Amino acid sequence: MAVIKNIRQLKNAGVLAERKATTPSLELKRYTLFYGFNGAGKSTLSRLFSSLQHGARHDRLPENCTFEIELDDGTKLSAPKNLTGLEKQVCVFNQDFIAENLRWDSGAANPIFYIGADQAEAAELLKAKETTLPTAKAVRDGEAKVVAEREKSFAEFKRLRARDVSERLRQAARYEAQQLVADFKAGATDDDKLSDADLDAASTTSQRSDAPAKVAPIEVPVDGLLGAIRAAHELAPKTIGGVMVADLETFPDMVPWVRQGHEFHVDHDLKNCLHCGEEIPKARRDLLASAFDDKLATFITAVGTAVDGAVETTQQLDLAIAAIPAAAQLSAEFQPTFEAAASALSAALTDWRPLLAAAAKALGDRKTRPTTPNTPALPTLEEIEARIGHLAKMRDAANAVIMQHAAMVDDFNYHQQAARGAIRRHFVAINRGAFDTHQTSIAVAGKKHDEAVTAVDTLEGEIKALRMKVQEHGKAAEKINALVRSYLGHGELTIVAVEEGYELHRHGALVTGPPSEGEKTAIALCYFLSTLEAEDRKLKDLIVVIDDPVSSLDTKAMNYACSLVRNRLDKAAQVIVFTHNQHCLNEFRKHWKSKARATPPTGRLLFLDVTLPEATKARTSTIIELPKQLREYDSEYHFLFQKVLQFEQAGGAYFDYAFLMPNVLRRVLEVFLAFKVPRDGAYADKIATVCDRYKALDQDRLNALERLSQVESHSDNIDDLISQSSMTIEESRDANAALVYLMHTVDPDHLADLRKYCAP
């Protein structure tokens, strides 16, 4: 079966350094030991593994903590959402486990269930159903994921469609997805679909901040056109008859000049011609008077009036063509219709130009030569009237659109709301199919998810009922008591099964007051070991994580506890032990060092290296190989002296371990003096003794060690190495130099060997 290989990624896990996919693999093995001082992050690491046991991120990990654990078969489990799969295989012993299961104040514990031998059939059924439960949960979770994905897709669809509508509306209040849903509920039909032009027009209207200006109706000189053509038809070809003088018939261009001269001579009673000086005979006067009577005058006047009318109508026609407004002056929704009507009207007006020009020319020619008829090349009056009717229709069609535009301007707010409503209905109409498809898809997925949830709930209910039928917890009491008795060496403390779990008895009676710390550790560890094969689990399938199994134990009990853990868990699929205790480290190291050196290795020895990097000035714990000095020697003396040499080597530069050097120096000095002055006594007394024996010692150079002895308390372990000290960095450097000086003076060979074997 697969076991844990690596913490592939880790972030926001307290003091523990961030790990990335590119960080070298931890290469955890079947037997893995983590050693680190108190506060190095061991409990946090145990909670990462406990998350696998519970299938969810441990509630005592930071809320923003994320991590990914890799198994040796390539499987990756990650927090916060993908931690299921190892719930039945991972078992974690730590302070959280003790708090959850053992209530020292009341002398009680949670039950540990074993499968009763007389319930074999039910047990088999229970196992079968428990085997199918992960698959059922996977189906449920898969269906939930499908629902979530489809809901996400639907939400994205609504967001994008709402954005499309909003871009068309461009109104102050943004159009959101919930408004789109409301519009779909209101409904729309295919008739609500707009053409691209209509959609653009409605959008333009919707976006306007105020109403557009009105446009003046188009004035067309219909009457003038008809009058000019009719006059040309009637006057240009009209014959004057015999009223004209023969000479004037021959020279019609002279008629206006002769008439004007005749009238001038009569008005001034002139007898002689001003042109030739000759006398004008009476017969000639009478002939000219007859030629220029009222009938001809009336005709000439009519021609002149018609010419003036044709000229004026020509001007009006040009003005009408120029006055046709551009479609852009109208509201957008009217522009396509108006553009077509205006184009037709403009074409019709333009067609009238040559007709009007022909009529004007014919009338002008007749005015110039009133006695000479001419026939203009014009359509018949019936055709002209038909054309006039068509022109009037073109004018009315264009003006009708202009009037619609004017009506819209008068009630612009209503019109704008109608445009916005049309836009919204349009988008509902064109997206109805996709909207319904999304809803149907979600409904189908939701139904499948509900069925999967029901299946899991039913299965869990059946499993619970079967478990209640087959479980026994009395057996576990016997196992726990046997372990505790062996552990403590007496049967004074016993676990007694009661209905709701266990009670802790001393001498056959419920304990009063909590047990000693050593007894607590013994009971908790034995209780945990008894849980491993509960619920019909098999040790060979388990990944067992032990955090601090020797807390508050004396040396004898500590050795027994380590031996108990090693022997009991030797057949487990994987054992991971965390400790801060040097003796515990040695107990496991002795047996697992050879496993770590085997080919292929089955053991792994790791160290939680706590530093204070200059860049962050924050304590950081990095997982590294167990240093050689801790791996090869039973005492921590060599490891600590290496730090002395590193501190010396750093000189005045920043040193990542400076914060722990007071404790390191205290412990090295303590061990050194224990050999040189093997008796009880304070540091100061032993230093004084050494100074008496070695006269070459400069007492002043050892003052820094006296300061160290005053500040740092006595201890026989390095568990508290990372605790804060009141010594400054400068004082620590002085103490480091003084310690090296003392060792060089008192035992130079010893110092030389240490420099050789502990070289940084």
Side-chain angles (χ1 to χ4, degrees), residues 37 582 609-614 617 627-630 633 635-760:
F37 308 140
Q582 178 77 25
D609 188 33
V610 181
T611 60
L612 196 72
E614 185 175 13
K617 295 295 192 298
K628 173 184 176 183
Q629 288 74 25
L630 291 173
Y633 302 104
S635 167
E636 74 278 14
Y637 185 63
H638 299 78
F639 171 73
L640 298 181
F641 194 77
Q642 185 184 64
K643 291 290 178 281
V644 173
L645 295 180
Q646 289 174 332
F647 197 27
E648 179 187 55
Q649 190 178 70
Y654 186 86
F655 186 49
D656 287 353
Y657 299 92
F659 73 102
L660 57 77
M661 287 309 298
N663 283 328
V664 169
L665 294 170
R666 180 264 302 160
R667 183 60 179 149
V668 171
L669 177 63
E670 181 182 327
V671 174
F672 181 74
L673 292 177
F675 281 94
K676 290 302 178 182
V677 186
R679 61 172 172 78
D680 289 338
Y683 293 153
D685 293 338
K686 291 188 176 185
I687 291 173
T689 299
V690 170
C691 287
D692 287 340
R693 293 175 182 174
Y694 299 90
K695 302 300 184 181
L697 283 170
D698 184 347
Q699 183 68 46
D700 291 337
R701 294 185 66 178
L702 301 181
N703 287 339
L705 293 180
E706 185 171 344
R707 164 67 175 157
L708 177 70
S709 67
Q710 293 170 351
V711 171
E712 299 303 319
S713 61
H714 174 80
S715 173
D716 61 358
N717 211 319
I718 58 173
D719 299 351
D720 60 350
L721 265 180
I722 62 173
S723 61
Q724 283 297 116
S725 172
S726 60
M727 288 187 69
T728 65
I729 298 296
E730 289 73 15
E731 288 177 326
S732 296
R733 287 198 186 98
D734 292 342
N736 198 78
L739 175 60
V740 173
Y741 165 72
L742 173 67
M743 297 174 71
H744 173 74
T745 304
V746 173
D747 197 338
D749 292 336
H750 176 68
L751 178 62
D753 286 344
L754 285 176
R755 287 188 181 278
K756 176 181 178 181
Y757 295 118
C758 304

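In this text, all values refer to a predicted model and were calculated from it rather than measured experimentally. Along the sequence shown, the residues carry numbers beginning at 1.
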Side-chain contact test, heavy atoms from C-beta onward, threshold under 4.5 Å: evaluate it for Y657 versus D609 and give yes or no. yes
Shortest non-hydrogen separation from L697 to C691 and the atoms involved: CD1-CA, 3.9 Å
Under a 4.5 Å cut-off applied to non-hydrogen side-chain atoms, are F647 and S732 in contact? yes
As an exercise, state the distance from CG of L665 to CG of L660, rounded to the nearest 0.5 Å. 9.5 Å
All side-chain contact (heavy atoms from CB on, under 4.5 Å) counterparts of L645, not counting sequence neighbours: F641, E648, R755, C758, P760
So how far is it from Y757 OH to K628 NZ, rounded to the nearest 0.5 Å? 9.0 Å
In short, salt bridge (Lys or Arg N to Asp or Glu O under 4.0 Å) pairs touching residues 677-695 with sequence neighbours left out are none
Please set out all donor-acceptor pairs under 3.5 angstrom arising from side-chain atoms of residues 735-746, sequence neighbours excluded.
residue: N736; atom: ND2; partner: V644; partner atom: O; Å: 3.2
residue: Y741; atom: OH; partner: D698; partner atom: N; Å: 2.6
residue: T745; atom: OG1; partner: Y741; partner atom: O; Å: 2.9

For Y633, enumerate each residue passing the ring-ring contact (aromatic ring centres under 6.0 Å, His included) test, keeping only those at least two apart in sequence or located in another chain. H638
Could you walk me through whether I729 and M661 pass the side chain to side chain contact (heavy atoms under 4.5 Å, CB included) test, one step at a time? CA-CA 9 Å; I729 298 296; M661 287 309 298; over 6 Å; no
With sequence neighbours left out, what residues match Y654 under side-chain contact (heavy atoms from CB on, under 4.5 Å)? L612, E614, K617, D656
Determine the minimum heavy-atom distance between L708 and R666, stating which atoms define it. CD2-N, 3.7 Å
Sequence neighbours excluded - salt bridge (Lys or Arg N to Asp or Glu O under 4.0 Å) pairs with any residue from residues 732-750: K676-D747
Check step by step if ring-ring contact (aromatic ring centres under 6.0 Å, His included) holds for H750 and F675. CA-CA 11 Å; H750 176 68; F675 281 94; 8.0 Å; no
